[in-house]
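A quick write-up on the structure given underneath.
Below, all heavy atoms of this structure are taken into account, side chains as well, without hydrogens, waters or symmetry copies.
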Amino acid sequence: DDAVFTVQQFVLPRTFGLFYNQSQSRILRDEAVRQALTQAIDRDELVAAALSGAGIPIDTPVPAGFAELQSTRTDAPSTTTPERILTAAGWVRNDAGSWEITDGENVIPLRFTISTANNPIFDAVAAYLTDTFTDLGAEVTVDQYTQNDLVQAVIRPRTFDVLLFG
């Protein structure tokens, strides 16, 4: 058959994000931790690895092209490394290479769980994030749920440290 097909690509306004639950996780109340984790993510690399390049990296909650909702963000991307951000906030690496901070007599590790849906896209994104955050020196686990269980048992009662959702 000599039929000719044309592949067309459309940008859809679907965004994926990480939501840090500061009420659930003591370490995520630390602005330096949130900044370091955010800074550690190479969005271009994430899109390439998890979505085979079929996405557009953004760093605001509003995708480009939505003028009436356009972000008014004016701050420039940080050039400070995640390691410097954590060190400046008092975090130190232990002998195993993981970050921890001392609060009085308590040593608190940089440890958290990412909660997400169990589908191939979120599998790939969670794997990328786990590798990235582990390379940084965080201890990361991933809990995956069916979409309904994620909404009912995790999102609604806000029982997550970090939520990967979109």
Grouping I, L, V, M, F, W and Y whenever their side-chain heavy atoms are under 4.5 Å apart, do [X] and [Y] come out in a common cluster?
X    : Y    : answer
I41  : I121 : yes
Y20  : V125 : yes
Y128 : I58  : no
I101 : L37  : yes
V151 : V154 : yes

Atom of [X], atom of [Y] and distance for their closest heavy-atom approach:
X    : Y    : result
N118 : T146 : OD1-CA, 3.5 Å
T132 : A40  : CG2-O, 3.3 Å
S23  : R29  : O-NH2, 3.6 Å
A32  : I85  : O-CG2, 3.3 Å
G137 : R93  : CA-NH1, 3.8 Å
G55  : V47  : O-CG1, 3.4 Å

**OP:** If a pair satisfies salt bridge (charged side-chain N to carboxylate O under 4.0 Å, His left out) and one of its residues is in residues 148-163, list it, with sequence neighbours excluded.
**Re:** none
Take a 6.0 Å sphere around [atom1] of [X] and say whether it holds more than 12 heavy atoms from other residues, nucleotides or ligands.
X    : atom1 : result
R84  : CZ    : no
Q152 : CD    : yes
I108 : CD1   : yes

Subject >> Residues N21, L163; criterion side-chain contact (heavy atoms from CB on, under 4.5 Å); working and verdict >> reply: CA-CA 8 Å; N21 187 352; L163 176 67; over 6 Å; no
**OP:** Would you check, one step at a time, whether the test side-chain contact (heavy atoms from CB on, under 4.5 Å) holds for T80 with Q39?
**Re:** CA-CA 8 Å; T80 304; Q39 185 71 13; over 6 Å; no
**OP:** Just do the side-chain contact (heavy atoms from CB on, under 4.5 Å) check on F112 and V140 with the steps written out, would you?
**Re:** CA-CA 5 Å; F112 56 89; V140 183; 3.7 Å; yes
Does the side chain of [X] reach to within under 4.5 Å of the side chain of [Y], using non-hydrogen atoms?
X    : Y    : result
V33  : L86  : yes
F16  : F122 : yes
Y145 : S115 : yes
E83  : L136 : yes
Q147 : F165 : yes

Original post:
Does the side-chain contact (heavy atoms from CB on, under 4.5 Å) test come out yes or no for E100 and L110, once each step is laid out?
Top reply: CA-CA 6 Å; E100 59 190 22; L110 181 51; over 6 Å; no
To the nearest 0.5 Å, what is the distance between [atom1] ([X]) and [atom2] ([Y])?
X    : Y    : atom1 : atom2 : value
L46  : L51  : CG    : CG    : 6.5 Å
R34  : I27  : CZ    : CD1   : 11.0 Å
L164 : D143 : CG    : CG    : 12.5 Å
L129 : T134 : CG    : OG1   : 10.0 Å

Subject >> Aromatic ring proximity, centroids under 6.0 angstrom, F19 and F160 >> reply: no
